*Asks:* 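Pasting in a structure now, in C-alpha cells, and then I'll have a few things to ask.
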Amino acid sequence: MKKLLVAAAMAALVSGTAVAQEQAGGSSAGALGNVNAEHIVAGAVGLAVAAAIISNSRGTTLPVVPPPPPPPLGCLGDDEINDDGFCVGSTTIVTGTGTNTFTQLATFTYAPSAQ
C-alpha cells in the first residue's frame, strides 16, 4: 500500500510540471509550453525513483546457505598425528646383501591430508 502511495505521489509531481502559458501580442508558445530542461530532468528523476521502488518491491530474499565443512584430515595407513599436528610414520631400511645385511628403522613426518 505504501508503494502505491509513493507511486501516485510521483505521478502527481510529474503531471503538474507541464503548464502552457499564453503570450501577449499574438505570438504563440512553443509546442511544449513552459516545459524546460529542468522540468524534464525532474520528471525523469521522478520516474526513475518510482521505477526503482516498484522493481525493488518484487525481489525475493534467498536464505543464506553456509559452506560445507572441510573434509577431515588424516594420515596414511597406521600413521598417527603427533601433538604438533603432523603425521608420524616409520619404515625399515634394509642395506647390504647376504651376511652383510643391515636393517634400520627410520621415522618421518608429513602434513595430514584430506581423506
Side-chain angles (χ1 to χ4, degrees):
M1 184 70 178
K2 244 186 348 184
K3 293 174 185 140
L4 180 61
L5 291 175
V6 171
M10 296 305 291
L13 175 71
V14 172
S15 67
T17 58
V19 177
Q21 291 182 350
E22 294 182 22
Q23 294 184 0
S27 64
S28 63
L32 294 178
N34 192 23
V35 178
N36 57 18
E38 293 173 359
H39 290 123
I40 293 172
V41 170
V45 169
L47 287 175
V49 169
I53 291 171
I54 292 169
S55 68
N56 200 19
S57 68
R58 296 184 183 152
T60 58
T61 303
L62 298 176
V64 177
V65 178
L73 299 177
C75 300
L76 301 174
D78 294 336
D79 298 343
E80 295 183 12
I81 296 180
N82 64 7
D83 293 335
D84 294 329
F86 292 101
C87 296
V88 178
S90 62
T91 186
T92 303
I93 299 174
V94 179
T95 58
T97 58
T99 58
N100 291 329
T101 302
F102 299 98
T103 60
Q104 185 174 5
L105 182 65
T107 59
F108 55 89
T109 59
Y110 59 95
S113 59
Q115 299 296 315

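Computed from a predicted structure; not experimentally measured. FYI, side chains are in, hydrogens and waters are out, and symmetry mates aren't considered; it's all heavy atoms of this structure.
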*Asks:* Supply the members, apart from L76, of the Ile/Leu/Val/Met/Phe/Trp/Tyr cluster built from side-chain contacts under 4.5 Å; use none for a lone residue.
*Replies:* F108, Y110
*Asks:* Quick one: list whatever passes side chain to side chain contact (heavy atoms under 4.5 Å, CB included) with T101, sequence neighbours left out.
*Replies:* V94
*Asks:* Does D84 reach the main-chain N or O of F86 with its side chain, forming a donor-acceptor pair under 3.5 Å?
*Replies:* no
*Asks:* Which pairs count as disulfide bond (SG atoms under 2.5 Å apart) when at least one residue sits in residues 68-101, sequence neighbours excluded?
*Replies:* C75-C87
*Asks:* So which heavy atom on G89 is nearest to which on D79, and how close?
*Replies:* CA-OD1, 3.4 Å
*Asks:* Give the other cluster members for I93, using side-chain heavy-atom distances under 4.5 Å between Ile, Leu, Val, Met, Phe, Trp and Tyr residues; answer none if it is isolated.
*Replies:* none
*Asks:* Who passes side chain to side chain contact (heavy atoms under 4.5 Å, CB included) against T97, sequence neighbours left out?
*Replies:* none
*Asks:* Mind checking side chain to side chain contact (heavy atoms under 4.5 Å, CB included) for L105 and listing every partner two or more places apart, or none if nothing turns up?
*Replies:* S90, T92
